[in-house]
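Below is one structure; the comments refer to it alone.
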Amino acid sequence: MNLPAIAMNIEEKIQDIQLVIDNREKRLFKTGIVESLPKINQVVKSILPLYGIDASPEHLVEVTQFISTYKLIAVDEIKLAFEKFARQELNIDDHKLYGKVDLAAIGRILTAYITWRQKVYFTVDMEDEKKRGKMEEEQRQIEAKRKFYAEFPEMLSGFKGESYEDVPVYWYDAAMEAGLIGYAEGEKRAIWEEAQDIASKQKIQADNYIDFKTQLHRAAEDTKKRAVIIAQKLAVWRIVLNRK
């Protein structure tokens, strides 16, 4: 996963995105609320003093119990939620805690964090979907290639073409990869020279003089390209199909 690209795309810190990803499967509704209470309590003890809140044991229990109702959050995300709140990176109008336990304010922080986190989930999921799609496409191509080469001998034996021109152009690469083309001494050069000769003699079709000049110029540029294709078809025709 390309975290730097994701971070740049949504303009967020890489470490924040990484923490969200790492804790997706550790949200309270997955890990169990009762089992998480001691950890939530420890986080609450470390966070509240940062906002000048000297909470009594009763208040600590109250806040812990309150936060535990936010089942869509993970324990480690609680600290991140308050850090983003302190950096004013959450969509909250009132960015203050007033030195006392304020469950409503804490609720707004956690809710705003969960809302912010959705864009991280969405972007990460889109990236995963693209990666999955790419892998599936690669697998389809591998399977198509395997099937093609399994059927290639039958294609060759069933070929009904009457000249090299009927040879599919992609058969050359397939035959080379399958190890079916082996040139005798001087054969490759002879085929190439013949292909060049054929390509140079191909007639230009044009409706008028101006069109003829244009086509003539293009023909001069494309002669070598045509010769390459002709040479490939000739190689399959003569070496693989054993036609003369």
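The structure displayed is predicted, hence computed values, not measured ones. One-based numbering along the sequence shown.
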* Start with the C-alpha gap between Lys119 and Glu11, add the side-chain angles, then the distance that decides, and say whether salt bridge (charged side-chain N to carboxylate O under 4.0 Å, His left out) holds. => CA-CA 11 Å; Lys119 75 173 180 180; Glu11 298 181 341; over 6 Å; no
* Looking only at heavy atoms, which two atoms of Ala74 and Lys26 are closest? And how far apart? ->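 Heavy atoms only, the tightest pair is CB-O, 3.4 Å.
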* Asked: Can Val20 and Trp116 be said to form a side-chain contact (heavy atoms from CB on, under 4.5 Å), step by step?
  -> CA-CA 11 Å; Val20 169; Trp116 165 83; 3.8 Å; yes
* Applying ring-ring contact (aromatic ring centres under 6.0 Å, His included), name anything that partners Trp237, two or more places apart in sequence or on another chain. =>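 Trp237 satisfies ring-ring contact (aromatic ring centres under 6.0 Å, His included) with no other residue.
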* Can any side-chain N or O of Thr111 pair as donor or acceptor with the backbone N or O of Arg108 at less than 3.5 Å? ->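 Pair absent, no side-chain N/O of Thr111 close to backbone of Arg108.
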* Asked: Judged by atom type as modelled, is there a donor-acceptor pair below 3.5 Å linking the side chain of Arg238 to the main-chain atoms of Ala235?
  ->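 The answer is no, because no donor-acceptor pair under 3.5 Å joins these two groups.
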* Asked: Would you find more than 12 non-hydrogen atoms of other residues, nucleotides or ligands less than 6.0 Å from Met155 atom CE?
  ->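 Counting neighbours around CE of Met155, more than 12 heavy atoms of other residues, nucleotides or ligands fall under 6.0 Å, so yes.
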* **Same apolar cluster: Phe66 and Tyr113, side chain cutoff 4.5 Å** =>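 Same cluster.
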Sequence neighbours left out, cut at 3.5 Å: what donor-acceptor pairs do the side chains of residues 130-137 make with other protein atoms?
| from | atom 1 | to | atom 2 | distance (Å) |
| --- | --- | --- | --- | --- |
| Arg132 | NH2 | Glu129 | OE1 | 2.7 |
| Glu137 | OE1 | Arg140 | NE | 3.2 |
| Glu137 | OE1 | Arg140 | NH2 | 2.8 |
| Glu137 | OE2 | Gln141 | NE2 | 3.2 |

Flag side-chain contact, heavy atom, 4.5 Å: [X] against [Y]:
X      : Y      : answer
Ile17  : Ile6   : yes
Leu48  : Leu60  : yes
Asp128 : Val124 : yes

* **Pairs satisfying side chain to side chain donor-acceptor pair (under 3.5 Å), at least one member in residues 162-175, at least two apart** =>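 Listed once each, the pairs are Tyr172-Tyr183.
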* Hey, what's the ring geometry for Phe152 with Tyr149, parallel, tilted or perpendicular (30° and 60° as the breaks)? ->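 Rings of Phe152 and Tyr149: perpendicular, over 60°.
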